[in-house]
Number of protein chains: 2
Amino acid sequence: MSKNGNISSSVIKRLPRYYRFLGELEKQGVERISSRELSEKMKLTASQIRQDLNCFGGFGQQGYGYQVQSLREEIGHILGVDKAYSTILIGAGNLGKAIALHINFETRGCQLTGIFDANPRLTGETVGSLAIRHTDEIEEFCKAEHPVIAVLCIPKANTQAIADKLVGLGIRSFWNFSHYDLTIDHQGIEVENVHLGDSLLTLTYRTSHLKDSEEE
Amino acid sequence: MSKNGNISSSVIKRLPRYYRFLGELEKQGVERISSRELSEKMKLTASQIRQDLNCFGGFGQQGYGYQVQSLREEIGHILGVDKAYSTILIGAGNLGKAIALHINFETRGCQLTGIFDANPRLTGETVGSLAIRHTDEIEEFCKAEHPVIAVLCIPKANTQAIADKLVGLGIRSFWNFSHYDLTIDHQGIEVENVHLGDSLLTLTYRTSHLKDSEEE
DNA sequence: TAGATTGTTAATCGATTAACAATC
DNA sequence: TAGATTGTTAATCGATTAACAATC
């Protein structure tokens, strides 16, 4: 069904957004949509939408547009929402707990199976439906459960060492929230660095450069 | 000091990362660095670094490189780390609390001055050094304190309405964590949408397309 | 001075937009 | 059939990289 070839990373970054908008439309009972209509909602050009969707195959019908439901399903399938990658979270501080509780892993092809923290006082405390385990148990857990994705909510000083160890234990992808740019040399390991601080700082930049606030 | 002109948004997005790396180098006691050395650490081309830094002015010295400390200070100043924009946070659920506690607002030109939640049971509870207020108090608070930035950690259904109201109360920038693409029509309002779910979903995509795991 | 490295211009690459023939 | 809208190719735009003269 999908043409594939080599999809540019900018297209891939837009895919979850298409998926969300189509989900919204589906909820509203919209059955078909043209690239022009969708472009108005998403503030993209219709050209770009057609170009993007065509990377993967001809999902539309000429003269008609796109079937909302089936297009959403196709994109979801491409993204992998129907997977169930076993996922562990390391670091059950404020942010770790919030991520565990706030993110719907299941609808994104992941299944949170373990939460770990180095602080023994947290061991046994539950977060959602999972009990926090001590980090000493990670190795055993990985050998038994073979998690594929690790969410890192730990201080930056430990990040690289822990990630390297996890690679040895079979982790193939990292969702990294520590204030550290994780890089893994091993082939075939994926890293998604999330820098919330950077995000805020660009907002500060734009706030201080607003047209009507030329200060200095 | 800065040339300015019109800086492309891709350069601006890289600025906080430069700032972090230079901070790290400064901590390590490194005094000077060449674009080539920095390019190796940051996995960029030396060309791009020189190109980026030159948008703002000649921070380097030919034959020598860049002074780490002063370059960092310059970039920090451009980003606005020395501002103190009064910032409010709406929605003190798991994520809201974690953001309030986990993000160092001060080092990013912001000052968290108020936390609000619609749930009256949370009113009075403290998060860090701030007591949660009821959302009914937002209007009064804004009229007295004139906050500039709002962090939105609220359900997507309410986001647009609350944001519109906040614009009327003087908020000029939004850091939006709700699962909703906030758009503001008013001129001169900045929005930074953070979609953590999208970030995870692209990681799921890449996990399912790893070279060694061609499944179907 | 010779060596190093920037600032800056030119060349390349990739992504976005425009246009239109194909087709439902 | 006529009208609408896609799929796809060509044109444009912008961002990255390469090259090198300027200069510390």
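Order of the sequence lines fixes the chain letters, A, B, ..., with proteins taken first and strands second; residue numbering starts at 1 for each chain. Side chains included, hydrogens not; waters and symmetry mates left out as well; all remaining heavy atoms used.
Counting to the nearest Å, the C1' atom of C:dT23 and the CD atom of A:Gln61 are 11 Å from each other. In this structure, CG of B:Leu71 is placed 15 Å from C1' of C:dT5, rounded to the nearest angstrom. Residue A:Phe56 contributes atom CZ, which lies 18 Å from atom P of D:dT6 at whole-angstrom precision. Between the CG atom of A:Asn54 and the P atom of C:dT17 there is a distance of 16 Å, given to the nearest Å.
Contacts with DNA chain C (heavy atom under 4.0 Å) in residues 13-25 of chain B: none are found. Interface residues of residues 28-50 of chain B facing DNA chain C, ordered by number: B:Arg32, B:Ser34, B:Ser35, B:Arg50; criterion, heavy-atom separation under 4.0 Å.
Between D:dG7 and A:Tyr66, a contact under 4.0 Å exists linking OP1 or OP2 to a side-chain N or O.
The stretch residues 147-180 of chain B participates, sequence neighbours left out, in these ring-ring contact (aromatic ring centres under 6.0 Å, His included) pairs: A:His102-B:His179, B:Trp175-B:Phe177. Residues in residues 39-68 of chain A take part in these salt bridge (charged side-chain N to carboxylate O under 4.0 Å, His left out) pairs, two or more places apart or across chains: A:Arg14-A:Asp52, A:Arg36-A:Glu40. Residue pairs satisfying the salt bridge (charged side-chain N to carboxylate O under 4.0 Å, His left out) criterion with at least one member in residues 95-107 of chain B, sequence neighbours excluded, are listed as follows: B:Lys97-B:Glu125.
Panel note: side chain A:Arg17, backbone A:Lys13; no donor-acceptor pair is recorded below 3.5 Å. Between the side chain of A:Thr87 and the main chain of A:Tyr85, a donor-acceptor pair closer than 3.5 Å is present.
A:Leu22 is not listed as a side-chain neighbour of A:Tyr66, based on a closest heavy-atom distance of 4.5 Å or more.
Comparing A:Asp52 and A:Tyr64, the nucleotide of DNA chain C nearest to each residue sits closer to the 5' end for A:Asp52.
In this structure, B:Arg72 forms a cation-pi arrangement with B:Tyr19, its terminal cationic atom sitting closer than 6.0 Å to the ring centre and no more than 45° off the ring axis.
Listed by first residue number, the stems of DNA chain C with at least three Watson-Crick or G-U pairs below 3.5 Å are C:3-24 with D:3-24.
Between the CD1 atom of A:Ile189 and the OG1 atom of A:Thr183 there is a distance of 12.0 Å, given to the nearest 0.5 Å.
Take B:Gln28 and apply the side-chain contact (heavy atoms from CB on, under 4.5 Å) test, not counting sequence neighbours, and it matches B:Glu24, B:Leu25, B:Val30. Contacts of B:Ser178 classified as side chain to side chain donor-acceptor pair (under 3.5 Å), with partners at least two apart in sequence or in another chain: B:Thr159, B:Asn176. Contacts of A:Asp164 classified as side-chain contact (heavy atoms from CB on, under 4.5 Å), with partners at least two apart in sequence or in another chain: A:Gln160, A:Ile184. Annotation: side chain to side chain donor-acceptor pair (under 3.5 Å) contacts of B:Gln111 (sequence neighbours excluded): none. With sequence neighbours excluded, the residues satisfying side chain to side chain donor-acceptor pair (under 3.5 Å) with A:Glu37 are A:Ser34.
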Between the protein and nucleotides 9-13 of chain D, which nitrogen or oxygen pairs are less than 3.5 angstrom apart?
from, atom 1, to, atom 2, distance (Å)
D:dT9, O4, A:Gln51, NE2, 3.3

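Between the base of C:dT5 and the side chain of B:Gln62 there is no donor-acceptor pair shorter than 3.5 Å.
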